[in-house]
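Report on the structure given below.
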Amino acid sequence: MSFTSHMHRALAEARAAADRAEVPVGAVVVDPAGRIVAAAGNRTRMNSDPTAHAEILALRAACAAAGSERLPGHDLYVTLEPCPMCAAAISFARIRRLYYGAADPKSGGVARGPRIFEHPQAHHVPEVYGGIAEAEAEALLTDFFRARRGADASGGDI
């Protein structure tokens with residue numbers, strides 16, 4: 001079986017999030033047959049919900065579609081290294097493989113920070129692959145925050 005990356009769809013979700021003035025992070029859940037079963041971008045502002053990260057929303061939708069709280073054999077593509085909350089949810093959902101784009105030195109929970117999957121309390125540890133379409137994912141974030149800082153400096157709303 002050949003590998004097919006679905007990061008392009010996660011990046012599209014991230015761009016859509018940026019268009020909604022959300023931090024541009026996108027996520028896609030892929031079933032064992034390689035079909036996209038859920039996709040989402042950040043909606044924390046839109047939903048007034050601090051847990052409405054792209055990963056959480058995509059996991060919720062995929063679990064609802066599967067009729068289960070667990071997604072064995074499923075893979076998750078996300079444009080930014082998951083935070084500790086999302087990493088824990090990934091473990092709880094029993095995601096098989098996690099593919100992420102940009103590293104998150106400030107708030108990451110996988111390769112940086114608390115490294116959730118290294119804790120003995122981690123219920124499940126997925127295979128983790130970082131740096132997928134990293135440059136494009138980083139550029140989305142950099143451009144978004146540069147524009148936000150510019151709006152803030154000119155008296156705009158943040």
Please test L76 against V28 for side-chain contact (heavy atoms from CB on, under 4.5 Å), starting from the C-alpha separation and ending with a verdict. CA-CA 6 Å; L76 176 68; V28 173; 6.0 Å; no

Tightest non-hydrogen contact, residues A66 and L71, listed as CB-CD2, 4.0 Å

With sequence neighbours left out, the residues meeting side-chain hydrogen bond (donor to acceptor under 3.5 Å, both in side chains) with D143 are R146

Is there a donor-acceptor pair closer than 3.5 Å between any side-chain N or O of S91 and the backbone N or O of H124? yes

With no hydrogens and no angle check, is any side-chain donor or acceptor of D75 less than 3.5 Å from a backbone partner on V30? no

List the steps, then state whether side-chain contact (heavy atoms from CB on, under 4.5 Å) holds for T79 with L140. CA-CA 9 Å; T79 58; L140 280 171; 5.6 Å; no

Name every donor-acceptor pair, under 3.5 Å, that has one atom in a side chain of residues 126-135 and the other anywhere in the protein, sequence neighbours excluded.
unit_1	atom_1	unit_2	atom_2	d
E127	OE1	R97	NE	3.3
E127	OE1	Y129	OH	2.5

Quick one: salt bridge (charged side-chain N to carboxylate O under 4.0 Å, His left out) partners of R94, sequence neighbours excluded? none

What is the distance from atom NZ of K106 to atom CD of E81, rounded to the nearest 0.5 Å? 14.0 Å

Name all residues meeting the salt bridge (charged side-chain N to carboxylate O under 4.0 Å, His left out) criterion together with R115; count only those two or more places apart in sequence or in a different chain, and write none if there are none. none

Ignoring hydrogens, what is the shortest heavy-atom contact between S107 and P84? Give both atom names and the distance. O-CD, 3.4 Å

Nearest-0.5 Å distance, CD1 of residue I116 to CD of residue E118: 10.0 Å

Hydrophobic clustering (ILVMFWY, side-chain heavy atoms < 4.5 Å, transitive) - are V125 and I90 grouped together? yes

With sequence neighbours excluded, residues passing side-chain hydrogen bond (donor to acceptor under 3.5 Å, both in side chains) with R70: none

Nearest heavy atoms of A62 and A38, plus distance in Å: N-CB, 3.6 Å

Between CG of L141 and CG of D104, what distance do you get to the nearest 0.5 Å? 8.0 Å

Residue set satisfying salt bridge (charged side-chain N to carboxylate O under 4.0 Å, His left out) with D49, at least two apart, ordered chain then number -> none

Going by the rule ring-ring contact (aromatic ring centres under 6.0 Å, His included), which residues pair with H74 if we only count those two or more places apart in sequence or in a different chain? none

When you look at V29 and I36, which way does the side-chain contact (heavy atoms from CB on, under 4.5 Å) test go after all the steps? CA-CA 6 Å; V29 178; I36 293 174; over 6 Å; no

Does R15 have any salt bridge (charged side-chain N to carboxylate O under 4.0 Å, His left out) partners at least two apart in sequence or in another chain, and if so, which? E136

Should M7 and L59 be counted in the same cluster of Ile, Leu, Val, Met, Phe, Trp and Tyr side chains packed under 4.5 Å apart? no

Audit row: V78, L98, side-chain contact (heavy atoms from CB on, under 4.5 Å) steps and yes/no: CA-CA 8 Å; V78 61; L98 165 64; 3.9 Å; yes

Which hydrophobic side chains are connected to I56, either touching it within the sub-4.5 Å cutoff or through other members that do? M85

Excluding sequence neighbours, so at least two apart, what forms ring-ring contact (aromatic ring centres under 6.0 Å, His included) with F92? H123

Contact summary for A137 and A102, nearest pair of heavy atoms: CB-N, 3.9 Å

Would you please name every residue forming a side-chain hydrogen bond (donor to acceptor under 3.5 Å, both in side chains) with T44, sequence neighbours left out? E22

Return the minimal non-hydrogen interatomic distance between G109 and A87, and the atom names on each side. O-CB, 4.1 Å

Least distance between heavy atoms, G108 atom then P114 atom: O-CD, 3.6 Å

Return each pair, listed once, that meets side chain to side chain donor-acceptor pair (under 3.5 Å) where at least one residue sits in residues 54-66; pairs must be two or more places apart or across chains. T51-R60

Between L80 and Y100, is any pair of side-chain heavy atoms under 4.5 Å apart? no

If the plane angle is over 60° it's perpendicular, under 30° parallel, otherwise tilted; pick one for Y99 and Y77. parallel

